[in-house]
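To start, the structure itself, in structure tokens.
Keep in mind it's a predicted model, so treat the numbers as computed, not measured.
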Amino acid sequence: ASSVVFAVADLGVLDACDCELAGRAVAAAVGNSASASASASASSSSSVSWERFQRIIANLIAQRSEGALGTAEAGQMEVVAPEFLYSEPLYALFGRFAQAPQQGSGNGGGGGDGGGGDDETDSTGTGMYLGMERWRLMLDDCGLLDDAHDGSRWRGGMMSGAAADLIFAKARGAAAECDAALAFAPDFIAALAWVAATRGVSFGEIAGKVLALGPPPRAIPTVVATDSGASAGHR
């Protein structure tokens, strides 16, 4: 459940862990806890009780203490040049996936899971917010995401969907609109930097992959001699 991932990220339990290992551990812990509660009624199976959540957190802390979740240094985020925060091509790409929500959807999208649905426009009208489902779709389209979006069949050299979910949760900003969504700057840029760290490549490589999905850059007009200087207006 994305609500569990958000809560784990908000608590900072896995801040000093590798995003890939930690993300798969969260997916496994949630899955195991759900299996143990299989006898619960169907109406309550989609929610996570406080007791279940406490067991999940205790399980994750135990794995972290044993060193099973790696360290933050193993996938430390690269310091990103501030120019990327104002990149028009990246913002255009972000806008392609951060679509306006359907009528009546909540922050970051409707999904009964807390953020897995559609995306919404910024309440100020100056930007867009990206929900988790569209974040996964973007990474999948880039060829960065493993086919198994729950991390259960993770393949070496790929990033699991579970890691993508944890990165999304960690990158959310403090604004109320970002409770279950990413703003462009700095949230989206930070999320891409964590993806680069998780895959062990540079931020530039990840940026290049996502930009390949975006709209083509604006054409730069060609300036010829007759357009300027003493020749202007004479053809």
Side-chain angles (χ1 to χ4, degrees), residues 2 5-6 8-27 60 63-64 67-98 108 127-132 134-146 149 151 154-175 178 180-215 217:
S2 58
V5 181
F6 292 158
V8 169
D10 290 343
L11 288 173
V13 174
L14 303 177
D15 283 355
C17 300
D18 175 82
C19 287
E20 180 61 55
L21 296 174
R24 284 188 279 148
V26 173
L60 293 172
Q63 291 186 66
R64 183 189 65 187
L69 304 183
T71 63
E73 290 72 22
Q76 190 168 11
M77 183 201 298
E78 176 184 342
V79 177
V80 179
E83 289 80 5
F84 283 106
L85 298 173
Y86 308 98
S87 168
E88 288 190 18
L90 275 177
Y91 187 78
L93 177 279
F94 177 82
R96 175 183 170 185
F97 287 89
M128 305 280 284
Y129 290 109
L130 178 67
M132 181 182 280
R134 301 286 293 180
W135 161 252
R136 290 197 204 107
L137 176 63
M138 184 200 74
L139 294 177
D140 214 9
D141 286 352
C142 292
L144 295 171
L145 201 61
D146 181 50
H149 289 190
W154 178 76
R155 302 175 306 219
M158 297 291 288
M159 186 178 71
S160 69
D165 290 352
L166 181 59
I167 288 171
F168 179 94
K170 290 177 64 173
R172 292 171 302 141
C178 296
L182 301 179
F184 173 70
D187 306 1
F188 180 66
I189 301 300
L192 292 181
W194 264 312
V195 169
T198 300
R199 293 206 43 160
V201 299
S202 69
F203 176 84
E205 182 173 332
I206 297 300
K209 285 182 178 292
V210 299
L211 283 173
L213 300 175

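- Once rounded to the nearest 0.5 Å, the distance linking CG of Leu144 with CD1 of Ile206 reads 4.5 Å.
- When all heavy atoms are compared, the tightest approach of Ala180 to Phe6 is CB-CE1, 3.8 Å.
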Take Ile189 and Phe203 through the test side chain to side chain contact (heavy atoms under 4.5 Å, CB included) and record every step on the way to the result. CA-CA 9 Å; Ile189 301 300; Phe203 176 84; 4.0 Å; yes

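- In this structure, Leu211 CG and Leu93 CG are separated by 5.5 Å, a value rounded to the nearest 0.5 Å.
- When every heavy atom of Ser160 is checked against every heavy atom of Leu145, the shortest pair comes out as O-CD1, 3.5 Å.
- Using a 4.5 Å heavy-atom cutoff, the side chains of Leu90 and Val210 are in contact.
- Of the possible polar contacts, none joining the Glu205 side chain to the Ala196 backbone as a donor-acceptor pair under 3.5 Å is found.
- Rounded to the nearest 0.5 angstrom, Lys170 NZ and Cys19 SG are separated by 3.5 Å.
- Between atom CZ of residue Phe188 and atom CZ of residue Phe168 there is a gap of 11.0 Å, rounded to the nearest 0.5 Å.
- Scanning both residues, Asp187 and Cys178, for their nearest heavy atoms gives OD2-SG, 3.3 Å.
- Summarising the geometry of Glu78 relative to Ala193, their closest heavy-atom pair is O-CB, 4.2 Å, with the distance given to 0.1 Å.
- In this view, Asp10 and Arg172 satisfy the salt bridge (charged side-chain N to carboxylate O under 4.0 Å, His left out) rule, not counting sequence neighbours.
- In this structure, the side chain of Arg64 engages the main chain of Val13 through a donor-acceptor pair within 3.5 Å.
- Contact detail for Tyr129 and Ala181: the closest heavy-atom pair is CB-CB, 3.9 Å.
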Evaluate Phe84 against Leu192 for side chain to side chain contact (heavy atoms under 4.5 Å, CB included), listing each step before the verdict. CA-CA 11 Å; Phe84 283 106; Leu192 292 181; over 6 Å; no

Under the side chain to side chain contact (heavy atoms under 4.5 Å, CB included) rule, what do Arg134 and Leu137 come out as? Steps first, then yes or no, please. CA-CA 5 Å; Arg134 301 286 293 180; Leu137 176 63; 3.5 Å; yes

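- Of all heavy-atom pairs between Leu69 and Ala25, the closest is CD2-CB, 3.5 Å.
- Partners of Ala212 under the side chain to side chain contact (heavy atoms under 4.5 Å, CB included) rule, at least two apart in sequence or in another chain, do not exist in this structure.
- In this structure, the separation between CG on Leu130 and CZ on Phe184 is 11.0 Å, given to the nearest 0.5 Å.
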In sequence, state the C-alpha distance, the side-chain angles, and the governing distance for Leu166 and Arg24, and then conclude on side chain to side chain contact (heavy atoms under 4.5 Å, CB included). CA-CA 9 Å; Leu166 181 59; Arg24 284 188 279 148; over 6 Å; no

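- To the nearest 0.5 Å, the span separating CG on Asp18 from OG1 on Thr71 amounts to 7.5 Å.
- Listed by chain and number, the residues in a side chain to side chain contact (heavy atoms under 4.5 Å, CB included) with Ala191 are Trp135, Ile167, Ala171, Leu182 (sequence neighbours excluded).
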